[in-house]
> 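My structure is below; once you've seen it, I'll send some questions.
Each chain gets a letter, A, B and so on, in the order the sequences are listed, and its residues count up from 1.
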Amino acid sequence: MTAISTNPVVSVLDKCKSLCELRQIHAQMIKTNLLNHQFTVSRLIAFCSLSGVSGGLDYASSVFSRIQHPNSFIFFALIKGFSDTSNPVESLILYARMLSCLNYSSGVEFSIPSVLKACGKLLAFDEGRQVHGQVLKTHLWFDPFVGNSMVRMYIDFGEIELARRVFDRMPNRDVVSWNSMIAGYLKAGEIELASELFDEMPERDLVSCNAMIDGYGKCGRCELAEKVFETMSDKDVVTWTSMISAYVQNRCPMKALDLFREMLSLGLRPDGPAIVSVLSAIADLGFVEEGKWLHAYVSMNKIELSSGFIGSALIDMYSKCGYIENAYHVFRSISHRRNIGDWNSMISGLAIHGLAREALDIFVEMERMDIEPNEITFLGLLSTCSHGGLVEEGQFYFESMHEKYKIVPRIQHYGCMIDLFGRAGRLEDALGVIQNMPFEADLLAWKAILSASMKHGHIEIGKSAALRAIELAPDDSSSYVLLSNIYAKAGRWDDVAKIRLMMRQRGVKKIAGCSSMLVNGKVHEFLLGKELDSSYSGQVLAKIAEVVSRLKLQGYEPDLTQVLLDIEDEGKESLLNLHSEKMAIAFGLIHINKSAPIHIVKNLRVCCDCHCFMKLVSKVYNRQIIMRDQNRFHHFENGCCSCNEYW
DNA sequence: CTAGGGTTAG
């Protein structure tokens, strides 16, 4: 026996890295008659199915099928191997076969956790309950591994109460039991129950804390995530990434980036997920320099663009920073093993730059290469069409989505269709979508109608859409603002005043407009009404006044309907001059070299007045301006803008 | 054998 276990052929198995090498070892085993020994065979099968060598699992089953009396270890290796795949039905079949040919005391129980895992993945409720029943009749009930697997299985089923019942009755709970139960509650959105358990548990480890940070972040409770983060003495990359992505998801990209820098300064090396989450923060901020640095870091550390979401995140980052050529270059350089996310990011990236045709071309290329699109691909495509005014194409893709690709449209897809018709001025069709869709219209649906009414001057439709939107989100200032814009456009100043009063009474705060730009490696931020970097402010205000008077000679008329205060026109005009994007433009005219474009990132939608202002600046001052508001780009050149959304 | 982090849309 010792001779076999130290046999050189067996020990070389551990070093094997590919199917080809595996075949040679297997051949050697046949030649030396080693395959007649159960132990050697079980090592071979265990290695094939558990090592992660591609094709290994199939190889293991073919070796397995030639064994006459497999023992429980051989069964286990294969059951475990299949339970780690996405369709582990084979695990259940093998388990049933094992029970029929082996007796219960021969090591059958080692397979139970894997079988439970398979049941969970397959949502095989009945089979899962049968295994549960077997467990109850045996001593396995006392094994925390088995109990933990059962908790996990019921969580996979979505049966959170059943999971809790198993948890409560487990005789030997360990940290993993608590962590699994907490993860289950977080997945089910039961944040209160999760934090209750977190507070109660006898000893927490890294995993428990990291899970809570992530959970708090996902439900919008950044302060609670921070509290856990601060109390931890040992933090690993996962801890930092969880906190960074909590900031990203709650729209605090600057905090996310600061935290990432702190992590670097402590000497921690970011891995794939850490880089992906901070790239999303950088995209939000438009800090292309940081993005380029990370891109170089990825190349230097030989992190594959096709591994995980690195490629998609880089494409997204470059697109949102205005560097669509770099995005395209990254996309092309991932020629083999391109992820669906890479395609999706490329399509949306082109779309936010107003390159609708190019975005649709990418989709055509995808179809040609037989890449299966997913529902996000269609969200990208439909929003491409709606922003590009391609109504017929949009309708075509919406239909092919469920006819050709069997993807059931979700409410967001209907939202895109509402937007598609609305932007094109087909309000009737847009309202028709709302009436016929199998969902109750949500906030985004009504906001799409509201913006369309604003754009095309439908006061009554706009009013009722605004009331619905306000009903659904009473604290969201944007619906109030849009409605009052509609009234202002129609000259109904009494109604404008009513809206303002309503906002004041309900304590709805308008989000301050903020523009930022990168000049000489430094970020400058401008807030409505005041410039943060006050040493420049006198100069900036003087420049705005100069530009305005020069533009007026070219026909610029300040659009006073954009100011919602009921004050004298003169006061309105000076308020208009304090809009953050005008300050940024003035600053750019002073400090940016004439040959370089002026890059601006704005947090909210640009108003009509500023949009018109920029068009004229691009012509009169012969400057190229690139502005991103929320996630759309406006390229201004020679009096024209790439977007067709303003009139 | 069981537990934790990531992109694309809006």
Side-chain angles (χ1 to χ4, degrees), chain A residues 50 76-77 79-80 83-84 109-117 120 143-153 155 173-184 186-187 204-215 217-218 235-246 248-249 270-281 283 307-317 319-320 327 339-349 351-352 373-384 386 410-413 415-416 419 442-445 447-448 630-632:
Chain A
L50 305 178
F76 165 70
I79 289 174
K80 164 87 169 78
S83 76
D84 288 331
E109 67 271 21
F110 285 116
S111 294
I112 299 258
S114 298
V115 172
L116 288 165
K117 187 179 184 180
D143 182 349
F145 283 98
V146 172
N148 292 342
S149 304
M150 279 202 288
V151 169
R152 170 64 197 247
M153 176 183 76
I155 290 170
R173 282 188 296 234
D174 61 9
V175 197
V176 178
S177 329
W178 290 85
N179 289 347
S180 306
M181 200 59 231
I182 288 175
L186 291 175
K187 192 177 140 207
R204 299 169 195 157
D205 64 0
L206 259 178
V207 175
S208 354
C209 296
N210 293 348
M212 283 312 291
I213 292 176
D214 183 56
K218 289 213 163 80
K235 302 186 180 86
D236 64 0
V237 194
V238 179
T239 318
W240 290 89
T241 309
S242 305
M243 195 62 232
I244 289 170
S245 78
V248 169
Q249 284 158 7
D271 59 359
I275 290 170
V276 168
S277 58
V278 78
L279 274 174
S280 150
S307 74
F309 306 116
I310 296 275
S312 335
L314 279 172
I315 293 168
D316 179 56
M317 181 279 293
S319 303
K320 286 188 182 154
N339 284 332
I340 179 70
D342 304 333
W343 293 92
N344 292 349
S345 293
M346 194 67 250
I347 290 175
S348 319
I352 64 177
N374 63 14
E375 45 181 59
I376 294 182
T377 316
F378 282 98
L379 281 175
L381 276 180
L382 295 177
S383 84
T384 301
S386 76
R410 299 165 65 95
I411 188 154
Q412 293 98 321
H413 296 102
C416 287
D419 202 39
D442 63 355
L443 181 63
L444 288 171
K447 277 199 190 177
Q630 291 181 336
N631 275 335
R632 296 315 298 185

> Determine whether any donor atom in the side chain of A:Asp236 lies under 3.5 Å from an acceptor atom in the base of B:dG4, or the reverse, and answer yes or no.
yes
> Between B:dG5 and A:Ser242, counting only base atoms on the nucleotide and side-chain atoms on the residue, is there a donor-acceptor pair under 3.5 Å?
no
> Is any side-chain nitrogen or oxygen of A:Ser383 closer than 4.0 Å to OP1 or OP2 of B:dG10?
yes
> Take the protein atom CZ of A:Phe378 and the nucleotide atom P of B:dG10, then report the distance between them rounded to whole Å.
15 Å
> Roughly how far, to the nearest 0.5 Å, is the OG1 atom of A:Thr377 from the CG atom of A:Leu382?
10.5 Å
> Between B:dG10 atom P and A:Asn344 atom CG, what is the distance in whole Å?
12 Å
> Quick one: do the A:Ser208 and A:Asp205 side chains pair a donor with an acceptor below 3.5 Å?
yes
> From the options B:dT7, B:dT2, B:dG10, select the nucleotide whose nearest atom is closest to the side chain of A:Phe145.
B:dT2
> Between B:dG5, B:dC1, B:dT2, which nucleotide gets closest to the side-chain atoms of A:Pro113?
B:dC1
> Mind calculating the distance between NZ (A:Lys80) and P (B:dC1) to the nearest angstrom?
7 Å
> Would you say B:dT8 has OP1 or OP2 under 4.0 Å from some side-chain N or O of A:Lys320?
yes
> Taking A:His413 for its side chain and A:Glu375 for its backbone only, find out whether a donor-acceptor pair lies under 3.5 Å.
yes
> Output yes when a side-chain donor or acceptor of A:Asp174 lies under 3.5 Å from a complementary backbone atom of A:Ser177, and no otherwise.
yes
> Should A:Lys117 be listed as having a side-chain N or O under 4.0 Å from OP1 or OP2 of B:dC1?
no
> The side chain of A:Ser280 is closest to which nucleotide in this list: B:dT2, B:dT7, B:dG4?
B:dT7
> Using atom CG of A:Leu116 as one end and atom P of B:dA3 as the other, report the distance to the nearest whole Å.
12 Å
> Considering every strand and a 4.0 Å limit on heavy-atom distances, what is the contact class for A:Lys447: base, sugar-phosphate, or nothing?
nothing
> When you measure from the side-chain N and O atoms of A:Ser114 to the phosphate of B:dC1, is any distance below 4.0 Å, counting only OP1 and OP2?
no
> Which part of the nucleic acid, if any, lies within reach of A:Val175 when heavy atoms closer than 4.0 Å are counted: base, sugar-phosphate only, or nothing?
nothing
> Do we see a donor-acceptor contact under 3.5 Å between the side chains of A:Asn344 and A:Asn374?
yes
> Can you measure A:Asp205 atom CG to B:dT2 atom C1' for me and round it to whole angstrom units?
13 Å
> Examine the base of B:dT8 for any acceptor or donor lying under 3.5 Å from a partner atom in the side chain of A:Ser345, and report the outcome as yes or no.
no
> Give the rounded distance in Å between these two atoms: CG of A:Asn179 and C1' of B:dG5.
14 Å
> Could you state the atom-to-atom distance from CG of A:Asp342 to P of B:dA9 in whole Å?
13 Å
> Please classify the nucleic acid contact of A:Ile376 as base, sugar-phosphate, or nothing, using heavy-atom distances under 4.0 Å.
base
> Go through B:dA9, B:dT7, B:dG5 for me and flag the one nearest to the A:Leu379 side chain.
B:dA9
> Stacking between A:Phe309 and the base of B:dT7 (centre distance under 5.5 Å, interplanar angle under 30°)?
yes
> Supply the atom-to-atom distance A:Ser319 OG to A:Leu314 CG, rounded to the nearest 0.5 angstrom.
10.5 Å
> When the distance from CZ of A:Phe110 to P of B:dT2 is rounded to whole Å, what number comes out?
14 Å
> So which nucleotide from B:dT7, B:dG6, B:dA9 ends up closest to the side chain of A:Ser312?
B:dT7
> For a quick check, tell me whether the side chain of A:Asp271 and the base of B:dG5 share a donor-acceptor pair closer than 3.5 Å.
yes
> Of the nucleotides B:dT2, B:dT7, B:dG5, which one has an atom closest to the side chain of A:Asn148?
B:dT2
